[in-house]
2 protein chains.
Amino acid sequence: MTSDTMVGMARWQPDARARLEAAALELFHERGFEQTTVTEIAARAGLDKRTFYRLFGDKREALFSGGKLLEDVLVKAVAETDAAPFETVIAAFHQVANEIFADRLDLVRMRQSIIEGSPELQERELRKTGSLAAAVTAALREKGVGETTATLATESGVTVFRAAFARWVAPGCDASLADLIAEMAAELRAVTSAPAVPAPNAATPT
Amino acid sequence: MTSDTMVGMARWQPDARARLEAAALELFHERGFEQTTVTEIAARAGLDKRTFYRLFGDKREALFSGGKLLEDVLVKAVAETDAAPFETVIAAFHQVANEIFADRLDLVRMRQSIIEGSPELQERELRKTGSLAAAVTAALREKGVGETTATLATESGVTVFRAAFARWVAPGCDASLADLIAEMAAELRAVTSAPAVPAPNAATPT
DNA sequence: GGACTGATGTCATCTTGCGACATCACCGTA
DNA sequence: TACGGTGATGTCGCAAGATGACATCAGTCC
């Protein structure tokens with residue numbers, strides 16, 4: 001390869017990013033994240049290692065490109081919803097569930113199994129969730145919500161979504177993500193309220 | 001150093017770990033996390049790079065050694081408290097605030113400023129928080145609490161603690177961490193409940 | 001056609017993280 | 001005292017991650 005006639009090639013690849021993402025997903029799935037080198041990803045995409053690092057900050061980023069879309073949808077939904085802060089966040093996640101995740105269970109499960117197999121990837125996902133939360137909190141504050149309230153509403157909403165998501169991707173789950181979100185929101189309300197009674201049992205402690 | 005008379009030295013350093021942690025904290029503070037190499041940390045501690053990696057999984061771990069103690073205190077407090085799940089978790093964090101953090105504001109602030117200066121360290125902290133939460137959830141389940149309830153109570157408690165902690169380490173804060181936890185817990189209750197009233201304003205939305 | 005811009009490939013380098021091996025201190029035992 | 005085992009450490013080497021510097025080529029504008 002690299003015959004002397006095409007030493008420093010350059011023909012632009014408009015889909016270079018997409019090809020690298022696909023190659024990374026494949027290889028991570030085939031042999032695991034840590035067992036895959038950036039050089040291999042680039043090779044499968046027909047590109048150079050250096051090109052990979054120009055398009056992605058590091059190896060993990062190839063798995064987290066959808067985050068931008070998710071954040072946009074979430075922020076837009078928050079901005080357009082007119083309700084109490086926590087309800088607004090829940091509604092936004094509800095919309096995300098319908099618009100983005102609804103018909104991609106298989107892909108989501110595959111991605112999730114890859115992430116669960118690598119602590120490094122789990123860290124990155126946590127960070128992505130964190131910046132997502134920051135964006136939602138900012139969107140809430142944009143609507144006049146106080147900082148503390150915005151933070152707590154966002155974090156509670158994220159907790160609800162995470163719990164719902166975990167159930168949704170679990171094997172043998174046939175409920176819709178949207179329904180699970182509603183269910184988890186109700187549960188969270190039950191858990192955090194009722195500090196007085198000895199045995200609250202507000203909902204179904206399962 | 002390493003005169004030819006002491007080529008492969010070995011005299012055991014009982015405080016090697018502590019010295020490396022101190023050296024790492026100093027260097028991270030002096031010139032930042034990414035600008036510090038493991039070789040430099042080891043050199044300042046009078047040890048070899050290889051020894052660092054035998055005591056710490058990676059460069060970041062030198063900053064997160066206190067996590068074990070924190071988890072132990074938290075789990076023990078959860079096990080010994082007899083109250084509703086969410087109240088139990090809040091009480092446990094309350095205890096942590098008094099036993100571990102109370103009289104170390106300066107050290108905590110320094111550590112926090114280092115972490116905030118590096119995305120890598122933020123990721124690791126998120127992961128640590130995650131496993132801490134898992135331990136608390138497990139402790140809750142040990143007491144017979146259902147999985148969903150345990151997860152939501154834990155996550156809500158972590159949210160409260162994080163919000164309180166963020167205020168506590170912020171410059172110009174003179175409240176105690178314990179008081180802030182109580183305050184944030186009340187705020188979270190207000191935020192997650194009351195879906196009906198237009199303007200709840202349960203506490204001080206700031 | 002010629003200069004300019006931008007994406008890419010190549011080369012070099014540093015750092016992380018770890019395996020393999022030798023070395024030395026310490027400890028128990030004869 | 002001598003001897004052997006155990007364990008912590010230092011040295012060497014290396015794969016992979018990540019990045020800077022530079023050359024090369026395609027397409028575009030003048």
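Protein chains get the first letters and strands the later ones, always in sequence-line order, with residue 1 at the start of each. Computed from a predicted structure; not experimentally measured.
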Take atom [atom1] of [X] and atom [atom2] of [N], then tell me their distance rounded to the nearest Å.
X	N	atom1	atom2	answer
Asp48(B)	dC18(C)	CG	P	15 Å
Ile41(B)	dT16(C)	CD1	P	8 Å
Leu47(B)	dT11(D)	CG	P	11 Å
Leu20(B)	dT9(D)	CG	C1'	12 Å
Glu40(A)	dA15(D)	CD	C1'	12 Å
Asp15(B)	dT9(D)	CG	C1'	14 Å

**Q.** Close approaches to DNA chain C from residues 27-38 of chain B, in residue order (heavy atom, under 4.0 Å)
**A.** Thr36(B), Thr37(B), Val38(B)
**Q.** Pairs involving residues 34-56 of chain A, ordered by first then second residue, that meet ring pair (Phe, Tyr, Trp, His ring centres under 6.0 Å) (sequence neighbours left out)
**A.** Phe52(A)-Phe56(A)
Q | Summary of ring pair (Phe, Tyr, Trp, His ring centres under 6.0 Å) pairs that have at least one residue in residues 107-133 of chain B, sequence neighbours excluded | A |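 Counting only pairs at least two positions apart or across chains, no ring pair (Phe, Tyr, Trp, His ring centres under 6.0 Å) contact touches residues 107-133 of chain B.
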When the side chains of residues 57-66 of chain B are checked against the rest of the protein, which donor-acceptor pairs come out under 3.5 Å, sequence neighbours left out?
{"from": "Asp58(B)", "atom 1": "OD1", "to": "Arg60(B)", "atom 2": "N", "distance (Å)": "2.9"}
{"from": "Asp58(B)", "atom 1": "OD1", "to": "Glu61(B)", "atom 2": "N", "distance (Å)": "3.4"}
{"from": "Asp58(B)", "atom 1": "OD1", "to": "Arg124(B)", "atom 2": "NH1", "distance (Å)": "3.4"}
{"from": "Asp58(B)", "atom 1": "OD2", "to": "Arg124(B)", "atom 2": "NH1", "distance (Å)": "3.4"}
{"from": "Asp58(B)", "atom 1": "OD2", "to": "Arg124(B)", "atom 2": "NH2", "distance (Å)": "2.9"}
{"from": "Lys59(B)", "atom 1": "NZ", "to": "Phe33(B)", "atom 2": "O", "distance (Å)": "3.2"}
{"from": "Lys59(B)", "atom 1": "NZ", "to": "Thr36(B)", "atom 2": "O", "distance (Å)": "2.8"}
{"from": "Arg60(B)", "atom 1": "NH1", "to": "Glu123(A)", "atom 2": "OE1", "distance (Å)": "2.7"}
{"from": "Glu61(B)", "atom 1": "OE1", "to": "Lys128(B)", "atom 2": "NZ", "distance (Å)": "3.3"}
{"from": "Glu61(B)", "atom 1": "OE2", "to": "Arg124(B)", "atom 2": "NH1", "distance (Å)": "2.5"}
{"from": "Glu61(B)", "atom 1": "OE2", "to": "Lys128(B)", "atom 2": "NZ", "distance (Å)": "3.3"}
{"from": "Ser65(B)", "atom 1": "OG", "to": "Glu21(B)", "atom 2": "OE1", "distance (Å)": "3.2"}
{"from": "Ser65(B)", "atom 1": "OG", "to": "Glu21(B)", "atom 2": "OE2", "distance (Å)": "3.2"}

Q.
Is it the case that the side chain of Arg189(A) and the backbone of Thr192(B) share a donor-acceptor pair, with hydrogens and angles ignored and the cut-off at 3.5 Å?
A. yes
Report all side-chain donor-acceptor pairs from residues 112-119 of chain A shorter than 3.5 Å, counting only partners two or more places apart or in another chain.
{"from": "Ser113(A)", "atom 1": "OG", "to": "Met110(A)", "atom 2": "O", "distance (Å)": "3.0"}
{"from": "Ser118(A)", "atom 1": "OG", "to": "Glu34(A)", "atom 2": "OE2", "distance (Å)": "3.4"}
{"from": "Ser118(A)", "atom 1": "OG", "to": "Glu120(A)", "atom 2": "N", "distance (Å)": "3.3"}
{"from": "Ser118(A)", "atom 1": "OG", "to": "Leu121(A)", "atom 2": "N", "distance (Å)": "3.2"}

Q) Which residues, if any, of residues 49-64 of chain A bring a heavy atom under 4.0 Å of DNA chain D? A)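 When residues 49-64 of chain A is checked for heavy atoms under 4.0 Å from DNA chain D, the hits, listed by number, are Lys49(A), Arg50(A), Tyr53(A), Arg54(A), Gly57(A), Asp58(A), Lys59(A).
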Q | Phe86(A): ring pair (Phe, Tyr, Trp, His ring centres under 6.0 Å) partners, not counting sequence neighbours | A |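 Partners of Phe86(A) by the ring pair (Phe, Tyr, Trp, His ring centres under 6.0 Å) criterion come out as none, since no residue qualifies.
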Validation: residues 23-30 of chain A side-chain donor-acceptor distances under 3.5 Å, sequence neighbours left out:
{"from": "Glu26(A)", "atom 1": "OE1", "to": "Arg44(A)", "atom 2": "NH1", "distance (Å)": "2.8"}
{"from": "Glu30(A)", "atom 1": "OE1", "to": "Arg44(A)", "atom 2": "NH2", "distance (Å)": "3.4"}
{"from": "Glu30(A)", "atom 1": "OE2", "to": "Arg44(A)", "atom 2": "NH1", "distance (Å)": "3.0"}

Q: Taking side chain to side chain contact (heavy atoms under 4.5 Å, CB included) as the test, write out the residues that go with Ser131(B), two or more places apart.
A: none
